[in-house]
Amino acid sequence: SRTAQRKVDPEAYDLLVRGRDRLFQFNAPALAEARILLKRAIALDPEMAVAQAFLSLVNSTEHLSGWNDPPPDHMEKAVEIAEQATRIDPQEPQAYHALALANLWLGRFDVAERSANRAVELNPNFAGGYAALGQVQDMIGNHAHAIECANTVLSLDPKYEIALQLRGRAQFALGHDNDALDSFEKRILSAPKSETTRFFLAAIHGHSGRIEEAHRLWREILEINPEFSVSNVRRMLPYKSHDVLDRLTEGLRKAGLPE
């Protein structure tokens, strides 16, 4: 990428690294800090495409999780920032990773898929590229391909734990509930505050008749996020088909939980 080839302001680079670390903590306060750090990095070095890409991911993550009161145009801004990153450095895989996810969460599947494929083309060893491609494949219904992408991510970077969530979702979509259970439980170990992982687990337990376990998970969800709602999950996961969301709702209904 151009960032690696040109001289980079040391302070801007330090802010970039700190911002990236906060971003991948995946919680609201850390994302607020990431935004501040990345904006400072961009102010010092406006040509740092990676910082722009990470800032786009901050927007996408806040929108997806409903954190930090995201405004209505938050995702359009995420697209704009990611597009700016690709203009600054057309060879930067992180820029296309961010562009893929921003378009995906807006339901723009074709652009998202092209962007994710471009990220992988630019760097076949970039775990984030396969993660973005897997997310796209899952949302458009190619769940088996999504699982393959998630496994590739984990082989490239075993600490890229969001891939466990992706794999579990795709396994659940295919009705492979025991496999999904394993993926989601591993995700909980690496991301103990994940409410969405618990949400899927509660639905799985509802389908299998483990009602007490489903209710325990629901209580934990509300402890983590008292404002959690099923409608938010349905809004944030733009599946092309409603089959997966309907199966989630059915699992909650079987457990006697709010739908």
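At a threshold of 4.5 Å between non-hydrogen side-chain atoms, the residues Glu161 and Phe26 count as touching. The shortest side-chain heavy-atom distance between Leu38 and Leu15 does not fall under the 4.5 Å cut-off. By the 4.5 Å heavy-atom criterion applied to side chains, Thr196 and Met236 are counted as neighbours. At a threshold of 4.5 Å between non-hydrogen side-chain atoms, the residues Ile42 and Met48 do not count as touching. Counting heavy atoms from C-beta on, the side chains of Ile162 and Phe24 never come closer than 4.5 Å.
Atom CZ of residue Arg20 and atom CG of residue Leu57 lie 12.5 Å apart, to the nearest 0.5 angstrom. From Ile147, atom CD1 reaches atom CG of Asp179 across 7.5 Å, with rounding to the nearest 0.5 Å. Going from atom CG of Leu133 over to atom CZ of Phe126 covers 12.0 Å, rounded to the nearest 0.5 Å. Taking CZ of Arg187 as the start and OG1 of Thr197 as the end, the distance is 4.0 Å to the nearest 0.5 Å. Atom CG of Leu101 is separated from atom OH of Tyr96 by 15.0 Å, given to the nearest 0.5 angstrom. Here the CG-OG distance, from Asn151 to Ser183, works out to 8.0 Å after rounding to the nearest 0.5 Å.
In this structure a side-chain-to-backbone donor-acceptor pair under 3.5 Å is missing from Ser65 to Glu62. Side chain of Ser155 to backbone of Thr152: a donor-acceptor contact under 3.5 angstrom is found. No donor-acceptor pair closer than 3.5 Å links the side chain of Tyr130 to the backbone N or O of Asn125. Checking side-chain atoms of Glu92 against main-chain N and O of Gln94 turns up a donor-acceptor pair under 3.5 Å. With hydrogens and angles disregarded, no donor-acceptor distance shorter than 3.5 Å links the side chain of Asp45 to the backbone of Ala41. Panel note: side chain Asn117, backbone Glu113; a donor-acceptor pair is recorded below 3.5 Å. Between the Arg198 side chain and the Pro192 main chain, a donor and an acceptor come within less than 3.5 Å of each other.
Under the 4.5 Å side-chain heavy-atom criterion for grouping Ile, Leu, Val, Met, Phe, Trp and Tyr, Trp67 is connected to Leu222 within one hydrophobic cluster. One hydrophobic cluster, built from ILVMFWY side chains closer than 4.5 Å, holds both Val17 and Val50. Follow the hydrophobic side-chain contacts under 4.5 Å out from Val244 and you never reach Leu164; the two are in separate clusters. Linking Ile, Leu, Val, Met, Phe, Trp and Tyr residues whenever their side-chain heavy atoms come within less than 4.5 Å places Trp105 and Leu248 in a single cluster. A single hydrophobic cluster is not seen to contain both Ile224 and Leu252; linkage of ILVMFWY side chains at heavy-atom distances under 4.5 Å, directly or through other members, places them apart.
Applying the 6.0 Å contact sphere to CD of Glu185 captures more than 12 heavy atoms from other residues, nucleotides or ligands. Within 6.0 Å of atom CG in Asp73, more than 12 heavy atoms from other residues, nucleotides or ligands are found, so the atom counts as buried in its surroundings.
Between Ile211 and Lys254, the shortest heavy-atom contact is CD1-O, 3.6 Å. When all heavy atoms of Ala34 and Arg22 are compared, the pair lying nearest together is CB-CB, 3.7 Å. Nearest heavy-atom pair, Ala202 versus Leu217, reported as atom, atom and distance to 0.1 Å: N-CD1, 3.7 Å. Between Gly168 and Ala180, the closest heavy-atom pair is O-CB, 3.5 Å. Closest heavy-atom contact between Ser194 and Gln165: OG-OE1, 4.4 Å. Leu104 approaches Ala112 most closely through the heavy-atom pair N-CB, 3.7 Å.
Between Asp138 and Arg167, no side-chain nitrogen of the basic residue sits less than 4.0 Å from a carboxylate oxygen of the acidic one, so the salt-bridge criterion is not met. Salt bridge annotation for Glu220-Arg216: present, with a cationic side-chain nitrogen under 4.0 angstrom from a carboxylate oxygen. Salt bridge status for Glu121 with Arg118: present, with a side-chain N to carboxylate O gap under 4.0 Å. A salt bridge does not link Asp110 to Arg114: none of the charged nitrogens lies less than 4.0 Å from a carboxylate oxygen.
Inspection of the Arg87 and Gln84 side chains reveals an N or O donor paired with an N or O acceptor under 3.5 Å.
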Walk me through whether Asn27 and Lys193 qualify under side-chain contact (heavy atoms from CB on, under 4.5 Å). CA-CA 8 Å; Asn27 64 66; Lys193 296 287 189 184; over 6 Å; no
Should Phe199 and Phe228 be marked as a ring-ring contact (aromatic ring centres under 6.0 Å, His included) after you check the CA-CA gap, both sets of side-chain angles, and the distance that decides it? CA-CA 10 Å; Phe199 176 71; Phe228 181 87; 5.6 Å; yes
Tell me, with the steps shown, if Arg234 and Thr249 meet side-chain contact (heavy atoms from CB on, under 4.5 Å). CA-CA 10 Å; Arg234 295 184 73 96; Thr249 303; 2.7 Å; yes
Test Ile188 against Leu201 for side-chain contact (heavy atoms from CB on, under 4.5 Å), laying out the working first. CA-CA 10 Å; Ile188 291 283; Leu201 278 170; 4.0 Å; yes
Between Asn232 and Glu195, does the side-chain contact (heavy atoms from CB on, under 4.5 Å) criterion hold? Intermediate values first, please. CA-CA 12 Å; Asn232 278 347; Glu195 59 208 53; over 6 Å; no
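A side chain to side chain donor-acceptor pair (under 3.5 Å) with Asp177 holds for exactly one of His207, His205, Gln171, Arg247; it is Arg247. Just one residue in the list Leu106, Ile81, Asn59 forms a side-chain contact (heavy atoms from CB on, under 4.5 Å) with Glu76, and that residue is Leu106.
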